[in-house]
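Here the structure is laid out as structure tokens; the discussion comes afterwards.
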Amino acid sequence: MRLTILELPARWNAAERTLTDVDAALRDRETDLVLLPEASLHGYVSPAGDADLTSFAEPIDGPTSRACAALAANHRVHLVAPLVLREVALHNAMVCHAPDGTRPFVYRKRHPW
């Protein structure tokens with residue numbers, strides 16, 4: 001198994017830009033499993049010191065997860081990516097997206113942030 005762990009800049013509210021960076025980093029790279037850092041798609045703290053991630057919360061099939069699933073399919077990798085997951089409660093989650101569109105696992109942190 002070939003593993004890629006990406007180090008990404010800490011950006012607040014820049015999921016689309018960060019996913020573009022991930023896409024570029026995976027081009028021409030032979031790997032099976034890609035790990036993104038916790039909270040790397042939305043950041044932990046805004047430039048103004050705001051650490052409330054509630055505005056980024058979305059369901060498991062929301063836009064961030066769909067974009068990650070598309071990257072996994074396009075690059076034929078398993079992509080483990082962060083998600084502020086809205087269910088009954090909010091979770092600081094890590095979601096594994098398989099190249100076939102399935103989600104082999106979702107990890108929900110006990111203590112969100």
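Along the sequence shown, the residues carry numbers beginning at 1.
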Do Val34 and His78 make a side-chain contact, defined as non-hydrogen atoms from C-beta onward lying under 4.5 Å apart? no
Nearest 0.5 angstrom please: Leu41 CG to Leu83 CG, how far? 8.5 Å
Answer whether the closest heavy-atom distance between the side chains of Leu33 and Thr4 falls below 4.5 Å. no
Side-chain donor/acceptor of Ser46 to backbone N/O of Ala48, under 3.5 Å: yes
Parallel, tilted or perpendicular: rings of Phe56 and His42 (30°, 60°): parallel
Could you walk me through whether Arg29 and His75 pass side-chain contact (heavy atoms from CB on, under 4.5 Å), step by step? CA-CA 9 Å; Arg29 183 180 299 248; His75 292 284; over 6 Å; no
Thr18 side chain to Ala14 backbone, donor-acceptor under 3.5 Å: yes
Heavy-atom closest pair, residues Val80 and Phe105: CG2-CZ, 3.9 Å
Any side-chain heavy-atom pair of Leu19 and Leu71 under 4.5 Å: yes
Take Asn92 and Tyr107 through the side-chain contact (heavy atoms from CB on, under 4.5 Å) test and state the conclusion after the steps. CA-CA 8 Å; Asn92 179 4; Tyr107 172 74; over 6 Å; no
When rounded to the nearest 0.5 angstrom, what is the spacing between OG in Ser40 and CE in Met94? 6.5 Å
Measure the CG-CG distance between Leu3 and Leu35 for me, rounded to the nearest 0.5 Å. 5.0 Å
With heavy-atom distances below 4.5 Å as the criterion, would you say the side chains of Val45 and Asp50 are in contact? no
Are Ile5 and Met1 grouped together when hydrophobic residues (ILVMFWY) are joined by side-chain heavy atoms under 4.5 angstrom apart? yes
Contacts satisfying salt bridge (charged side-chain N to carboxylate O under 4.0 Å, His left out) that involve residues 2-20 (not counting sequence neighbours) are Arg2-Glu30, Arg2-Asp32, Arg11-Asp21
Side-chain touch Leu79/Leu36, heavy atoms, less than 4.5 angstrom: yes
Under the side chain to side chain donor-acceptor pair (under 3.5 Å) rule, what pairs show up with a residue in residues 61-72, not counting sequence neighbours? Glu58-Thr64
Shortest non-hydrogen contact from Leu85 to Pro59? CD1-C, 3.9 Å
Decide yes or no for Arg86 and Thr54: does some side-chain heavy atom of the first lie under 4.5 Å from some side-chain heavy atom of the second? yes
Closest non-hydrogen contact found for Pro82 with Pro37 is CG-O, 3.4 Å
Within the 4.5 Å heavy-atom criterion, are Ile60 and Val95 side-chain neighbours or not? yes
Measure across Pro104 and Cys96 and return the closest heavy-atom pair with its distance rounded to 0.1 Å. CD-O, 3.2 Å
Please round to the nearest 0.5 Å and tell me the distance separating atom OG1 of Thr31 and atom CG of Leu26. 7.5 Å
For Arg76 and Ala72, indicate whether the former's side chain and the latter's backbone hold a donor-acceptor pair under 3.5 Å. no
